[in-house]
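Note that the structure is a prediction, hence the values are computed from the model and not measured. For ligands, and for the atoms within them, numbers begin at 1 and follow the listed sequence.
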Amino acid sequence: MLSDLLTRRTVLAAFCMAGLSLAACEKKAEDTPADPKAGATNKPAPSDKPAGTLRVGFSQIGAESDWRRANTESIKGEAEKRGIELVFADAQQKQENQIKAIRSFIQQKVDVIAFSPVVETGWEPVLKEVKESGIPVILTDRAVDVSDQSLFVTFIGADFVEEGRRAANWVVKSTGGKAMVAELQGTPGSAPAIDRKKGFEEVIKAHPDIKIIKSQSGEFTRAKGKEVMETFLKSSEGSQINVLYAHNDDMALGAIQAIEEAGKKPGVDITIVSIDGVRAAFEAMVAGKLNCTVECNPLLGPQLFDAVEALSAKKSIEKRIVTKEGVFEQAQAAEAIKTRQY
Ligand code: GZL
């Protein structure tokens with residue numbers, strides 16, 4: 001499949017170079033206007049890579065968090081290291097931009113399309129178009145909710161439900177099973193927000209004295225996390241909150257600012273557990289302001305391009321590749337921070 005595509009593209013390039021149907025080649029590239037917002041361009045940039053180089057179209061969600069930036073760096077760095085041509089599009093958190101970018105990748109006849117879906121639903125139509133084009137699809141980081149599992153080759157990413165369970169088990173252990181919890185949820189409709197909530201609630205079901213008394217989306221950003229935590233603290237239940245569960249470190253770091261501005265001690269008056277394990281979270285734990293971070297590894301570049309190269313070599317790959325992660329508490333932070341890669 002991939003090698004057929006490689007052959008077709010090489011033949012097409014040969015025709016173009018031979019001047020035959022050159023207009024058709026150029027016309028194809030301009031069929032659908034590039035969408036600068038989506039960061040996708042239809043005119044394939046003149047490639048400085050040798051003919052036959054693997055070309056991968058990647059649609060990234062955006063740059064909303066330290067985790068996302070580390071994820072992007074890993075993907076770009078690994079493609080560079082392996083001499084794979086990466087056509088990268090930043091969707092600025094918008095599903096319609098991801099869909100536009102995926103369509104532009106089809107036009108550009110890339111060898112593989114990979115993306116991190118901003119939300120779980122709404123992907124069937126464009127993934128059916130990709131399937132018709134014969135280009136394989138790899139999901140990284142987040143899953144899609146589709147009935148036809150043949151619409152993608154593999155999903156490489158964390159088990160978000162397990163991450164939610166780990167956060168809740170830490171709350172049970174550190175509070176003795178008694179807590180009034182404020183929850184900062186991730187992007188509404190996204191796999192990590194849905195599943196991290198699911199895993200946390202699954203564990204606390206067995207602990208009736210652990211109650212989620214405030215819950216709202218902070219959209220995975222520091223700014224929104226701070227804003228929502230401010231409203232939590234000002235609410236009638238604000239004084240009861242003694243644990244914060246944030247679906248990512250960035251929202252926890254924003255909430256830490258809000259807690260301090262409200263005259264309370266983060267990590268002491270309000271115990272804080274979050275998810276990702278970014279460097280700033282370790283720094284906050286060393287400072288005693290964050291109590292626990294559940295790791296979610298963003299360094300997916302190597303696994304992504306292992307899968308791309310396996311596809312190119314017509315090797316079979318697992319339908320689901322789960323990333324390995326740990327849980328880090330304050331006591332470990334000063335030592336662990338020395339070897340963190342992101
Ligand atoms: C998780 C990833 C989430 C991170 C956030 O795999 O999708 O999105 O937890 C990021 O930091 O914004």
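- Remark: Trp123 engages Phe115 in a ring pair (Phe, Tyr, Trp, His ring centres under 6.0 Å) (not counting sequence neighbours).
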Every pair of nitrogen or oxygen atoms between ligand 1 and the protein that is under 3.5 angstrom apart - can you list them with their distances to 0.1 Å?
residue: ligand 1; atom: 6 (O); partner: Asp141; partner atom: OD1; Å: 2.3
residue: ligand 1; atom: 7 (O); partner: Arg68; partner atom: NH2; Å: 3.1
residue: ligand 1; atom: 7 (O); partner: Asp141; partner atom: OD1; Å: 2.8
residue: ligand 1; atom: 7 (O); partner: Asp141; partner atom: OD2; Å: 3.0
residue: ligand 1; atom: 7 (O); partner: Arg142; partner atom: NE; Å: 2.7
residue: ligand 1; atom: 7 (O); partner: Arg142; partner atom: NH2; Å: 3.4
residue: ligand 1; atom: 8 (O); partner: Arg68; partner atom: NH2; Å: 3.0
residue: ligand 1; atom: 8 (O); partner: Arg142; partner atom: NH2; Å: 2.8
residue: ligand 1; atom: 9 (O); partner: Arg196; partner atom: NH1; Å: 2.7
residue: ligand 1; atom: 9 (O); partner: Arg196; partner atom: NH2; Å: 3.3
residue: ligand 1; atom: 9 (O); partner: Asp276; partner atom: OD1; Å: 2.6
residue: ligand 1; atom: 9 (O); partner: Asp276; partner atom: OD2; Å: 3.4
residue: ligand 1; atom: 11 (O); partner: Ser65; partner atom: OG; Å: 3.0
residue: ligand 1; atom: 11 (O); partner: Asn248; partner atom: ND2; Å: 2.9
residue: ligand 1; atom: 11 (O); partner: Asp276; partner atom: OD2; Å: 2.6
residue: ligand 1; atom: 12 (O); partner: Glu64; partner atom: OE2; Å: 2.5
residue: ligand 1; atom: 12 (O); partner: Ser65; partner atom: OG; Å: 2.9

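- Side chains of Asn291 and Thr271: no donor on one and acceptor on the other come within 3.5 Å.
- Applying the under-4.5 Å side-chain rule to Ile, Leu, Val, Met, Phe, Trp and Tyr, the cluster around Leu184 extends to Met180, Ile213, Phe220, Val228, Met229, Phe232, Leu233, Ile241, Leu244, Met251, Leu253, Ile256, Ile259, Ile270, Ile272, Phe282, Met285, Leu290, Phe328, Ile337.
- In this structure Glu230 satisfies the salt bridge (charged side-chain N to carboxylate O under 4.0 Å, His left out) test together with Lys226, sequence neighbours excluded.
- Between Glu183 and the choices Lys211, Lys214, Lys197, the salt bridge (charged side-chain N to carboxylate O under 4.0 Å, His left out) rule is met once, by Lys197.
- A distance-only check finds no donor-acceptor pair linking the side chain of Arg103 to the backbone of Val126 [under 3.5 Å].
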